[in-house]
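Everything below concerns the one structure shown next.
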Amino acid sequence: MTFVPAKWPRKLRSQKWYGGTSRDTIYHRGWLKNQGYPDDMFDGRPIIGILNTWSDLTPCNGHLRELAEKVKAGVWEAGGFPVEVPVFSASENTFRPTAMMFRNLAAMSIEEQIRGQPIDGAVLMVGCDKTTPSLLMAAASTDIPSIVVTGGPMLNGMFQGEAVGAGTHLWRFSEAVKAGEMTQDEFLNAEAAVTRSSGTCNTMGTASSMASMAESLGMALSGNAAIPAVDARRRVMAQLSGRRIVQMVKDDLKPSDILTRNAFENAIRTNGAVGGSTNTVVHMLAIAGRVGVDLSLADWDACGRDVPTIVNLQPSGKYLMEEFFYSGGLPVVLKRLGDAGLLHKDALTVSGNPIWDDVCDVKCWNDDVIRTVDNPLTAQGGIAVLRGNLAPNGAVIKPSAATKSLMKHRGRAVVFEDIDDYKARIEDDALDIDETCIMVLKNCGPKGYPGMSEVGNMGLPPKVLKKGITDMIRISDARMSGTAYGTVILHTAPEAAAGGPLAVVRNGDMIEVDVAARRLHLDISDAELAQRLADWVPTHDSAVSGYAWLHQTHVGGADTGADLEFLKGCRGNDVGRDAH
Ligand code: FES
């Protein structure tokens, strides 16, 4: 696609606050001058909001204040005026009941922070899982020129001579303790080794997956996704992004120019190629909904079905983000997708160029970390979307992280009504369960939890683990951490709390899973299912006030991105009336 830059100079939106000699503009300029800015900072140059999700309680983004200084340097160099703005930071490892409940609140608040303030362009400083989609959603809904700078992944963890991945090894070690293969003391010793430095999870978890989504969408400079947080080149990337956003404002290169349907298709295929998180499905559907691209769950299956997973990273594979960076990072993946005819090469990026221009000459430095398309980790690596009477609106599974022998299976349902019920009974040796059963968890979707928690990868019962079994089929309306693995069917829609068929599964029902046929079937008659649904009464907790009420009342299904329905679409950046 050919982008035609706007004419420069022209009057920018920040001049509504700072241009002219009226009492109001004197008021706005005067207040900012109390920070020591000279007159010519208000001469119409681009004002760049560095939207920073730094927080002491979002440790994955704990280094973003330092990184912001490099962004500022780049903005100054390019003749812009940088202003750093703290924004809602929903930490994956801190927020309760789940950070996902606050993704939409963050997006809503940041959208208003952009629209209501004198910002001509935005640098989205993100990292931890929900920070990336929430800022992209806000940027899409306001449509001011925006560029993503992620904080980058942490360095490899090492424990007992083994490279250990954040998240992934937490799950592994936790199961090993239950199976009697690891002591509790060893598990405690592993704690600091797994999360070794500043940065986001070092696996291809949700943070790295969303960084890959931002780059493959064209919303970050080429190479951004994989540079480790503490590598000097991460700081260079920040400075270059600061320079670039100033030119983007001058050119009026907006999210709506970049976030086209082709860009989303590139991202879906990229997610398959990197073995990315299932969480990207809900986030990308939500971002598409903000920018008005008609993307559906079916597109994930259609676009991703034949995409091989070529990135050999945990949790699907062996290595960690450091090796991915040393091997060439995401540009190599995009190059290999392009060579295989799996990339829209002309999709525009923040560089102002087609995405292919940025990657067509890159080289791979380790073909075991980034495999060739002919020698993949998994031949069909995209997210599979299952449907059937148990999931009329769809459910998802990540085949690259699942057990091949369980991809077609018929098993007896062992049902947990909610996560508390699961926790109360899973370690009871009297629980009637074995490895052939299918674990079913209800009331953990967007309305039910509320917030769609990452509890879908329920730990296996100890009595099964002690047999050396490490995987069973699990079905829920929850999500799963991007660092997790297993034959886990997620995002079942409609969710149980909305009266979906998942709500009426009973202990002893037989369930059929066939991933190749994309089938998820509850083996009861249509009449029986209809009667159970007619008799169903909700059992989840319902909030009566506050944000929890707003969320439960207005959140959409996982199959449409779990956004608040009234936030869908682009509302632009017009303040509506003159400032003040
Ligand atoms: Fe924040 Fe993984 S928990 S990036």
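Numbers here simply count residues along the sequence, with the first being 1.
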Worksheet item: Between T280 and S277, is there a donor-acceptor pair closer than 3.5 Å when you use the side chain of the first and the backbone of the second?
Response: yes
Worksheet item: Can D432 and R412 be counted as an ion pair, charged N to O under 4.0 angstrom?
Response: yes
Item to complete: Working to the nearest 0.5 Å, report the span between OH of Y547 and CE of M108.
Response: 6.5 Å
Practice prompt. Taking atom types as modelled, find out whether T403 and S405 have a side-chain donor-acceptor pair closer than 3.5 angstrom.
Written response: no
Worksheet entry | Shortest non-hydrogen separation from F264 to M284 and the atoms involved | CE2-O, 3.7 Å
Discussion item. Please evaluate residues K463 and E427 with respect to the criterion side-chain contact (heavy atoms from CB on, under 4.5 Å), reporting the C-alpha separation (whole Å), side-chain torsions for both, the decisive distance (0.1 Å), and the verdict.
Written reply: CA-CA 8 Å; K463 67 180 185 180; E427 300 200 0; over 6 Å; no
Discussion item. Could you measure the distance from the OG atom of S91 to the CG atom of D56? Nearest 0.5 Å is fine.
Written reply: 11.0 Å
Discussion item. For R290 and L567: C-alpha separation, side-chain torsions, deciding distance, then whether side-chain contact (heavy atoms from CB on, under 4.5 Å) applies.
Written reply: CA-CA 7 Å; R290 294 301 187 99; L567 289 176; 3.4 Å; yes
Discussion item. Salt bridge check, K447 against E495: does any charged N sit closer than 4.0 Å to a carboxylate O?
Written reply: no
Worksheet item: Does any donor atom in the side chain of W549 or T553 lie under 3.5 Å from an acceptor atom in the other side chain?
Response: yes
Discussion item. Checking the side chain of T260 only, and the main-chain atoms of A263 only, is there a donor and an acceptor separated by less than 3.5 Å?
Written reply: yes
Worksheet entry | Check: H169 side chain, G165 main-chain N or O, donor-acceptor pair, under 3.5 Å | yes
Worksheet item: Can K568 and E565 be counted as an ion pair, charged N to O under 4.0 angstrom?
Response: yes
Worksheet item: In terms of side-chain geometry, is the basic nitrogen of R532 or D509 positioned less than 4.0 Å from the acidic oxygen of its partner?
Response: yes
Practice prompt. Scan side-chain atoms only and decide if T539 and N443 contain a donor-acceptor pair under the 3.5 Å cut-off.
Written response: yes
Fill in: R261 side-chain N/O to D294 backbone N/O, donor-acceptor pair under 3.5 Å
yes
Worksheet entry | Spatial distance of atom CD1 (I433) from atom CG (D428) [nearest 0.5 Å] | 11.5 Å
Practice prompt. May I ask you to decide if C570's main-chain N or O and D143's side chain share a donor-acceptor pair within less than 3.5 Å?
Written response: no
Fill in: R103 to F95, cation-pi by 6.0 Å centre distance and 45° axis angle
no
Practice prompt. In sequence, state the C-alpha distance, the side-chain angles, and the governing distance for N266 and S216, and then conclude on side chain to side chain donor-acceptor pair (under 3.5 Å).
Written response: CA-CA 6 Å; N266 281 347; S216 57; over 6 Å; no
Practice prompt. Using a strict cut-off of less than 4.0 Å between a Lys/Arg side-chain nitrogen and an Asp/Glu carboxylate oxygen, indicate whether D418 and K442 qualify as a salt bridge.
Written response: no
Practice prompt. Tell me yes or no: between the side chains of D434 and T436, is some donor less than 3.5 Å from an acceptor?
Written response: yes
Practice prompt. Determine the minimum heavy-atom distance between A395 and L520, stating which atoms define it.
Written response: CB-CD2, 4.1 Å
Worksheet item: Between the side chains of T378 and T309, is a donor N or O closer than 3.5 angstrom to an acceptor N or O?
Response: no
Worksheet item: Got a donor-acceptor contact below 3.5 angstrom from the R13 side chain to the R115 backbone?
Response: yes
Item to complete: Tell me, yes or no, whether the heavy-atom count around E191 atom CD, taken from other residues, nucleotides or ligands under 6.0 Å, exceeds 12.
Response: no
Discussion item. Looking only at the side chains, is there a donor atom on one of R479 and N279 sitting less than 3.5 Å from an acceptor on the other?
Written reply: yes
Practice prompt. Take atom NZ of K467 as the centre, draw a 6.0 Å sphere, and report whether it contains more than 12 heavy atoms from other residues, nucleotides or ligands.
Written response: yes
Worksheet entry | Where K398 and S316 come nearest, the two heavy atoms and their spacing | CE-OG, 3.5 Å
Response to the item:
Shortest non-hydrogen pair, A562 vs M100, comes out as CB-CE, 4.1 Å
Worksheet entry | Approximate separation, where rounding is to 0.5 Å, of I397 CD1 and I489 CD1 | 5.0 Å
Fill in: Side-chain touch M439/P461, heavy atoms, less than 4.5 angstrom
yes
Practice prompt. Write out all pairs satisfying ring pair (Phe, Tyr, Trp, His ring centres under 6.0 Å) with one or both partners inside residues 381-421, taking only residues at least two apart or from two chains.
Written response: F416-Y422
Fill in: Donor-acceptor under 3.5 Å (Q552 side chain, A543 main chain)
yes
Discussion item. I need the T132 OG1 to M219 CE distance, nearest 0.5 Å.
Written reply: 11.5 Å
Worksheet item: Charged N to carboxylate O below 4.0 Å: is that the case for D523 and R410?
Response: yes
Item to complete: State whether the side chain of S476 and the backbone N or O of A478 hold a donor-acceptor pair below 3.5 Å, judged by distance alone.
Response: yes
Fill in: Closest non-hydrogen atom pair between D477 and A497, with its separation
OD2-N, 4.4 Å
Item to complete: Identify whether the distance between the nearest side-chain nitrogen and carboxylate oxygen of R65 and E84 falls below 4.0 Å.
Response: yes
Worksheet item: Within the distance-only criterion (no hydrogens, no angle test), does the side chain of N61 pair as donor or acceptor with the backbone N or O of L64 below 3.5 angstrom?
Response: no
Discussion item. For the CG atom on N507, are there more than 12 heavy atoms of other groups (residues, nucleotides or ligands in this structure) within a distance under 6.0 Å?
Written reply: yes
Worksheet item: If only atom types and distance count, is the side chain of S208 paired as donor or acceptor with the main-chain N or O of T203 below 3.5 Å?
Response: yes
Fill in: Nearest non-hydrogen partners of H491 and T278, listed with the distance
CE1-O, 3.4 Å
Discussion item. Among L386, D559, L297, V282, which residue satisfies the side-chain contact (heavy atoms from CB on, under 4.5 Å) criterion with V396?
Written reply: L297
Worksheet entry | S89: side chain to side chain donor-acceptor pair (under 3.5 Å) partners, not counting sequence neighbours | T58
Practice prompt. For the pair D129 and E454, evaluate side-chain contact (heavy atoms from CB on, under 4.5 Å) and give the outcome as yes or no after the intermediate values.
Written response: CA-CA 12 Å; D129 301 13; E454 290 186 334; 4.1 Å; yes
Worksheet item: Please walk me through it: do V455 and L441 pass side-chain contact (heavy atoms from CB on, under 4.5 Å)?
Response: CA-CA 9 Å; V455 294; L441 176 63; 3.8 Å; yes
Fill in: Residues which pass side chain to side chain donor-acceptor pair (under 3.5 Å) with Q117, listed by chain and number, not counting sequence neighbours
none
Practice prompt. Answer whether the closest heavy-atom distance between the side chains of R387 and R518 falls below 4.5 Å.
Written response: no
Practice prompt. Could you grab the distance from atom CG of L105 to atom NE2 of H551, nearest 0.5 Å is fine?
Written response: 10.5 Å
